[in-house]
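Let me begin by presenting the structure, written as structure tokens, before commenting on it.
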Amino acid sequence: MLFNDENNDIAGSFNCVTGGILAFGGWWTDGSNHSTAQADSATTFKTITEGDIVTQDGIECWLDTTTKGLIELLNHEFGHALGIDHSTVFNAAMWPNIKGAGRGAFLDKDDKDATTALEY
């Protein structure tokens, strides 16, 4: 977890008037794969060796306007660090945009299904 984009991984800075990227999360792999055989198919997974979350510089103004916003933001980015992509379901934590409205760490069925599909 890296706060305030110390390594300039995210272009520009967040601006509370014009918006921008609040953070990003992602995973690293050593290139190795592992497979699982299920009754109806075989699935290959990448082996995740590290998960990262970086918050953009300038988000302090956004954090001042919301009490559960940071929890929602980190919940979403932690999903990326686990290898979960964006969801097409509006109520999901993995929806591409922050919704705010005090939702905090709420997980929709789509999020729960994605975590269930992760292979450990």
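Sequential numbering from 1 along the given sequence is applied to the chain's residues.
The CG atom of L22 sits 8.5 Å away from atom CD1 of I10, with the distance rounded to the nearest 0.5 Å. Remark: T115 OG1 to D110 CG distance equals 10.0 Å, nearest 0.5 Å. One distance of note links CD1 of I84 with NE2 of H76; it measures 10.0 Å at 0.5 Å rounding.
Using modelled atom types and a 3.5 Å distance limit, the side chains of W27 and D52 yield no donor-acceptor pair. For the residue pair D30 / T49, no side-chain donor-acceptor distance below 3.5 Å is found, with atom types taken as modelled.
Residues V54 and I21 share a single hydrophobic cluster, defined by chaining ILVMFWY side chains whose heavy atoms lie under 4.5 Å apart. The same ILVMFWY cluster, assembled from side-chain heavy atoms under 4.5 Å apart, contains both I98 and F14. Clustering ILVMFWY residues whenever any of their side-chain heavy atoms sit less than 4.5 angstrom apart, transitively, puts M1 in a cluster other than the one holding W28.
The nearest pair of heavy atoms linking A23 to T55 is CB-CA, 3.8 Å. The two residues D57 and G12 have their closest heavy-atom pair at OD1-O, 3.5 Å. Closest heavy-atom contact between S87 and A92: OG-CB, 3.5 Å. The shortest non-hydrogen separation linking D5 to Q56 is OD2-OE1, 3.2 Å. Taking each heavy atom of F90 and W95 in turn, the nearest pair found is CA-CE3, 3.4 Å.
The 12-atom threshold is exceeded at CZ of F106, counting heavy atoms of other residues, nucleotides or ligands nearer than 6.0 Å.
Considering only heavy atoms from C-beta on, L2 stays 4.5 Å or farther from I53 through its side chain.
Judged by distance alone, the side chain of N15 and the main-chain N or O of G20 form no donor-acceptor pair under 3.5 Å. No donor-acceptor pair closer than 3.5 Å links the side chain of N4 to the backbone N or O of E6. At distances below 3.5 Å, not a single donor-acceptor pair connects side-chain atoms of E50 with backbone N or O atoms of A81.
Between D113 and K109 there is a salt bridge, since a side-chain N of the basic residue sits under 4.0 Å from a carboxylate O of the acidic one.
Checking L82, N75, L74 one by one against F78, the side-chain contact (heavy atoms from CB on, under 4.5 Å) holds for a single residue, L82.
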Problem set entry | Test side-chain contact (heavy atoms from CB on, under 4.5 Å) applied to L63 and L70, step by step | CA-CA 7 Å; L63 293 173; L70 180 61; 3.8 Å; yes

